[in-house]
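Below is one structure, written out as structure tokens, with a few remarks after it.
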Amino acid sequence: MNCNKNIDLGIRRLVVAIGLAFAASAGHAQILGTSARQASGGSLKFLAYYQGVQDQILRFTVNDSGMCSASNGVTFSCGQAGDIDVKGSGGAAAMKIVWQPWERFQYYGMFSAGEYSIRAPSATITNLLSGDTRGLTYGVGVKASVVPDTIVTPAIALDLSIARSLYHFNRRFPGGSPGVSNNIDQRLELMTYQFAVESSHLFTLSEHWKLEPYGGMKWTRVQTDLKDLVDGSHAGGRKDSVTPFLGFRVPVGDHEAFFGEASFIDGYHYGAGLELRF
């Protein structure tokens with residue numbers, strides 16, 4: 001009976017934490033793919049997963065001319081100044097290696113390759129900028145266990161990471177003036193700085209089945225830079241946001257687990273994959 005009460009208490013605390021997360025303002029983020037539960041010293045994990053995003057908001061700060069690039073007529077505004085929001089969408093295959101050499105800190109590196117496109121508002125239309133080559137993302141991070149996962153209390157962890165993404169755009173649709181080529185030569189660079197507060201708890205449903213839901217909040221700063229490789233002009237900006245996220249992890253045996261994670265507000269960010277522990 002006491003065991004059931006403790007499990008119910010853990011569920012209520014996790015639900016409260018998730019509810020507080022959804023009260024935050026929305027924005028863009030990258031999935032963590034791991035829970036807040038502590039690992040043993042010397043452990044090593046490998047994650048292989050797919051990550052997708054729809055309608056991610058990127059911010060560009062433009063001057064009076066509003067030009068991102070002087071070539072091919074790609075502009076963000078017409079005679080306006082200020083911040084312009086651009087939406088990006090795409091998907092990538094990713095992998096992550098997590099190493100915990102001692103008791104408290106986990107260190108990880110991540111890499112992904114995939115497609116990405118942005119919808120940029122112009123003078124009279126919205127241009128879709130895309131490319132034929134796969135973009136690359138790579139980064140590093142560290143996670144610190146603050147509160148361990150017990151029967152009474154859920155785990156709490158802090159996660160800090162930095163990632164760099166590079167995408168090459170060589171075409172736009174629907175294009176600009178008649179007779180003007182729709183071929184472009186531009187590079188989009190995204191620098192993502194992320195800090196997350198995460199909570200999770202491992203529930204034993206039966207002898208063979210376990211479930212570990214997790215969730216929390218992320219503060220994310222995305223620095224954008226779009227460079228025209230023909231004339232060297234730049235456009236860029238910065239956007240800060242606080243984003244709620246939810247996920248689950250399903251252990252299968254002692255060394256494998258499946259996981260999924262998503263955030264749903266002001267853009268859709270989602271991912272799912274396999275974890276292998278050595």
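Quantities reported herein were computed from a predicted structural model and do not represent experimental measurements. Side chains are part of it too, since the values below use all heavy atoms of this structure and drop only hydrogens, waters and symmetry mates.
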If you take all heavy atoms of [X] and [Y], which pair is closest and at what distance?
X	Y	result
T204	S206	CG2-O, 3.3 Å
A144	F105	CB-CE2, 3.5 Å
F60	A235	CE2-O, 3.6 Å
D228	V230	OD1-N, 2.8 Å
P154	S200	CB-O, 3.2 Å

Supply the atom-to-atom distance [X] [atom1] to [Y] [atom2], rounded to the nearest 0.5 angstrom.
X	Y	atom1	atom2	value
L166	R187	CG	CZ	6.5 Å
D159	T34	CG	OG1	6.0 Å
R171	D185	CZ	CG	13.5 Å
Q38	T150	CD	OG1	8.5 Å
L274	M95	CG	CE	14.5 Å
I184	R172	CD1	CZ	7.0 Å

Using modelled atom types only, decide if a donor and an acceptor are shared between the side chain of [X] and the backbone of [Y] within a distance under 3.5 Å.
X	Y	answer
T224	G237	yes
Q100	A39	yes
S199	I156	no
S145	P148	no

| request: Have a look at S35 and tell me which of E212, E198, H201 forms a side chain to side chain donor-acceptor pair (under 3.5 Å) with it. | output: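 Passing option: E212.
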
| message | Let's go through N170 and D132 carefully: what are the C-alpha distance in whole Å and the side-chain angles of both, what is the deciding distance for side-chain hydrogen bond (donor to acceptor under 3.5 Å, both in side chains) to 0.1 Å, and is it a yes or a no? | response | CA-CA 7 Å; N170 62 353; D132 295 322; 2.9 Å; yes

Measuring only between side-chain heavy atoms, which start at C-beta, is [X] closer than 4.5 Å to [Y]?
X	Y	value
K239	L58	no
L136	R134	no
V140	I162	yes
D55	S89	yes
H168	L229	yes
Y107	P101	yes
Y270	Y50	yes
T192	R221	no

| field | Donor-acceptor side-chain pairing of T137 and S165 below 3.5 angstrom | value |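 There is such a pair (donor and acceptor under 3.5 Å, judged by atom type) between the side chains of T137 and S165.
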
| field | Verdict with reasoning, S112 to Y49, per side chain to side chain contact (heavy atoms under 4.5 Å, CB included) | value | CA-CA 9 Å; S112 68; Y49 56 98; over 6 Å; no

Would you say [Y] ends up clustered with [X] if hydrophobic residues are merged whenever their side chains have heavy atoms under 4.5 Å apart, either directly or through other cluster members?
X	Y	answer
Y108	F46	no
W99	M110	no
I97	F278	yes
M217	F195	yes

| said: Quick one, R238 with V222, criterion side chain to side chain contact (heavy atoms under 4.5 Å, CB included). Give me CA distance, side-chain angles, the key distance, then yes/no. | reply: CA-CA 6 Å; R238 183 181 70 191; V222 176; over 6 Å; no

| query | If you count the non-hydrogen atoms of other residues, nucleotides and ligands that lie under 6.0 Å from CD in Q223, is the total more than 12? | reply |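 Counting neighbours around CD of Q223, more than 12 heavy atoms of other residues, nucleotides or ligands fall under 6.0 Å, so yes.
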
| task | Go through the steps for E189 and R164 under the test salt bridge (Lys or Arg N to Asp or Glu O under 4.0 Å), then give the verdict. | result | CA-CA 7 Å; E189 178 181 0; R164 183 182 187 221; 2.9 Å; yes

Using a 3.5 Å cut-off and no angle test, enumerate the donor-acceptor pairs between side-chain atoms of residues 250-262 and protein atoms at least two apart in sequence or in another chain.
unit_1, atom_1, unit_2, atom_2, d
H255, ND1, R277, O, 3.1
E261, OE1, L32, N, 3.1
E261, OE1, G33, N, 2.9
E261, OE1, Y214, OH, 2.8
E261, OE2, L32, N, 2.9
E261, OE2, K218, NZ, 3.2

| field | Chi angles and distances behind the side chain to side chain contact (heavy atoms under 4.5 Å, CB included) call for V197, L158 | value | CA-CA 5 Å; V197 180; L158 305 178; 3.9 Å; yes

| task | Could you walk me through whether F203 and L205 pass the side chain to side chain contact (heavy atoms under 4.5 Å, CB included) test, one step at a time? | result | CA-CA 6 Å; F203 297 95; L205 305 179; 4.3 Å; yes

| request: Provide the full list of ring pair (Phe, Tyr, Trp, His ring centres under 6.0 Å) pairs with a residue in residues 125-167, sequence neighbours left out, each pair given once. | output: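 Counting only pairs at least two positions apart or across chains, the ring pair (Phe, Tyr, Trp, His ring centres under 6.0 Å) contacts touching residues 125-167 are Y116-Y167.
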
| Salt bridge or not for E275 and R249, using N-O below 4.0 Å? |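 Yes, this pair counts.
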
| field | Residue that, paired with V86, satisfies side-chain contact (heavy atoms from CB on, under 4.5 Å) out of L226, I118, N127, I57 | value |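 With V86 as partner, L226, I118, N127, I57 yield a single side-chain contact (heavy atoms from CB on, under 4.5 Å), made by I118.
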
